Amino acid sequence: MLFPTIIILIVALVIMAIVINAIQQHKEQVEAEKRAELAKQKSIVDETEDALMAAAQMPISQQLILILHKRVHNALQTMFELNPKAMDIKQRVKDAKERVDATKPEQLAPPSDHFLLPENDKQIIVLIQGIKKLRTLLRSENSKGKVDTHVFIEEDKRLERLQLKVNVETLGKRARSAIQSNMLGSARQYYEKAIAALSAQPNPDEYVVKKRHELEEQLQNIKDNLRNANAADRAKRQDSERADLDELFAPKKKW
């Protein structure tokens with residue numbers, strides 16, 4: 001009778017150990033998933049706040065600013081739900097909600113006509129990267145159903161035009177710099193790239209039409225200068241060759 005009891009106890013202990021181990025593994029899995037989700041939401045907050053900082057340097061609509069503030073608030077809210085004891089996150093949720101409520105999407109977007117391109121090339125690169133990041137975040141929110149399709153189309157179009165303007169103005173700036181350095185060939189390539197970018201626009205606005213006309217005139221001036229320079233070089237080379245021939249076939253002097 002003792003032996004079967006011992007066997008039963010051993011089996012019970014084994015089963016208990018298996019159950020405890022399974023519970024422990026489940027807890028560890030839940031904690032790991034929780035940490036992963038917290039890290040994901042923190043990453044969303046960080047990248048969106050970086051995008052907001054970049055947007056502060058651009059003529060961005062308040063509608064897009066509101067979308068970004070809501071993205072931060074939603075991520076912080078998820079973090080707080082995962083970790084309700086974190087009082088610092090609770091305060092950040094409150095602050096984020098106040099920013100959402102304070103943003104007025106009906107305000108008109110500032111005009112991009114007076115937007116000045118940064119002088120430093122590194123700043124220009126940062127600006128272009130910022131615009132691309134904003135478009136990526138906007139597309140992400142739209143895919144999640146958090147942005148209406150018509151709002152997405154309007155805001156993405158605005159960012160696309162801003163990106164086009166930065167690219168075109170940068171190419172124009174480089175072309176002018178190349179002209180000052182007497183690098184007409186490089187200047188022509190910059191103007192041709194800018195005109196190609198403008199020509200690719202399916203629905204050109206006033207800026208596209210006006211800028212394309214302006215750049216085409218400047219490109220034509222470059223081509224005329226290059227043509228005149230080439231003609232002058234050919235004439236100079238022909239004169240040099242003619243002088244060489246005249247010297248070669250000239251009557252030899254008798255000494």
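Not measured: the values here are computed from a predicted model.
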Nearest heavy atoms of [X] and [Y], plus distance in Å:
X: Pro204; Y: Gln201; answer: CD-O, 3.7 Å
X: Ala178; Y: Ser186; answer: CB-CB, 4.2 Å
X: Thr103; Y: Pro105; answer: O-CD, 3.3 Å

Exam field: side chain Asp148 to backbone His150, donor-acceptor pair closer than 3.5 Å:
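Side chain of Asp148 to backbone of His150, a donor-acceptor pair under 3.5 Å: no, none is there.
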Counting distance only, does the side-chain N/O of Ser143 pair as donor-acceptor with the main-chain N or O of Ser140 below 3.5 Å?
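Pair found, side chain donor or acceptor close to backbone of Ser140.
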Contact check, side chains of [X] and [Y], non-hydrogen atoms, under 4.5 Å:
X: Lys85; Y: Asn83; result: yes
X: Lys97; Y: Val93; result: no
X: Gln41; Y: Leu76; result: no
X: Lys173; Y: Asp121; result: yes
X: Lys40; Y: Met79; result: no
X: Thr78; Y: Leu38; result: no
X: Asp156; Y: Asn142; result: no

Lys/Arg N to Asp/Glu carboxylate O, [X] vs [Y], below 4.0 Å:
X: Glu141; Y: Lys144; answer: yes
X: Arg99; Y: Asp95; answer: no
X: Arg212; Y: Glu216; answer: yes
X: Lys211; Y: Glu214; answer: yes
X: Asp88; Y: Arg92; answer: no

So, Gln218 versus Arg176: side-chain donor-acceptor pair below 3.5 Å or not?
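Result is no, nothing qualifies.
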Separation between [atom1] of [X] and [atom2] of [Y], rounded to the nearest 0.5 Å:
X: Asn225; Y: Arg188; atom1: CG; atom2: CZ; result: 12.0 Å
X: Tyr191; Y: Leu215; atom1: OH; atom2: CG; result: 7.0 Å
X: Asn167; Y: Leu117; atom1: CG; atom2: CG; result: 9.5 Å
X: Arg135; Y: Phe152; atom1: CZ; atom2: CZ; result: 8.0 Å
X: Arg139; Y: Leu159; atom1: CZ; atom2: CG; result: 10.0 Å
X: Leu184; Y: Gln189; atom1: CG; atom2: CD; result: 11.5 Å

Summary of salt bridge (Lys or Arg N to Asp or Glu O under 4.0 Å) pairs that have at least one residue in residues 197-210, sequence neighbours excluded:
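Of all non-adjacent pairs touching residues 197-210, those that pass salt bridge (Lys or Arg N to Asp or Glu O under 4.0 Å) are Arg161-Asp205.
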With sequence neighbours left out, what residues match Lys133 under salt bridge (Lys or Arg N to Asp or Glu O under 4.0 Å)?
Glu47
In residues 53-70, what donor-acceptor pairs under 3.5 Å come from side-chain atoms, sequence neighbours left out?
{"unit_1": "Ser61", "atom_1": "OG", "unit_2": "Leu64", "atom_2": "N", "d": "3.2"}
{"unit_1": "Ser61", "atom_1": "OG", "unit_2": "Glu155", "atom_2": "OE1", "d": "2.7"}
{"unit_1": "Ser61", "atom_1": "OG", "unit_2": "Glu155", "atom_2": "OE2", "d": "2.9"}

So which of Val45, Leu138, Val100, Thr48 actually passes side chain to side chain contact (heavy atoms under 4.5 Å, CB included) with Arg71?
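It is Thr48; the other options fail the test.
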Would Glu217 and His213 satisfy side chain to side chain donor-acceptor pair (under 3.5 Å), going step by step from the backbone distance to the final call?
CA-CA 6 Å; Glu217 287 185 348; His213 179 69; 3.0 Å; yes
Under the 4.5 Å side-chain heavy-atom rule for ILVMFWY, direct or indirect, which residues accompany Tyr190?
Leu171
Could you work out the complete set of other residues in the hydrophobic cluster of Ile125, with links drawn between I, L, V, M, F, W and Y side chains under 4.5 Å apart?
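Cluster partners of Ile125: none, it stands alone.
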Report whether Ile131 and Ile153 are members of the same hydrophobic cluster (ILVMFWY, side-chain heavy atoms less than 4.5 Å apart, transitive linking).
yes
Ile89 with Val72, same ILVMFWY side-chain cluster at under 4.5 Å:
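Yes, one cluster joins them.
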Around atom NZ of Lys132, are there more than 12 heavy atoms of other residues, nucleotides or ligands at under 6.0 Å?
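12 or below, so no.
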Side-chain donor-acceptor pairs under 3.5 Å in residues 15-31, sequence neighbours left out?
{"unit_1": "Gln24", "atom_1": "NE2", "unit_2": "Glu28", "atom_2": "OE2", "d": "3.4"}
{"unit_1": "Gln29", "atom_1": "NE2", "unit_2": "Glu33", "atom_2": "OE2", "d": "3.3"}

When you look at Ile179 and Ile222, which way does the side-chain contact (heavy atoms from CB on, under 4.5 Å) test go after all the steps?
CA-CA 9 Å; Ile179 293 173; Ile222 293 281; 3.5 Å; yes
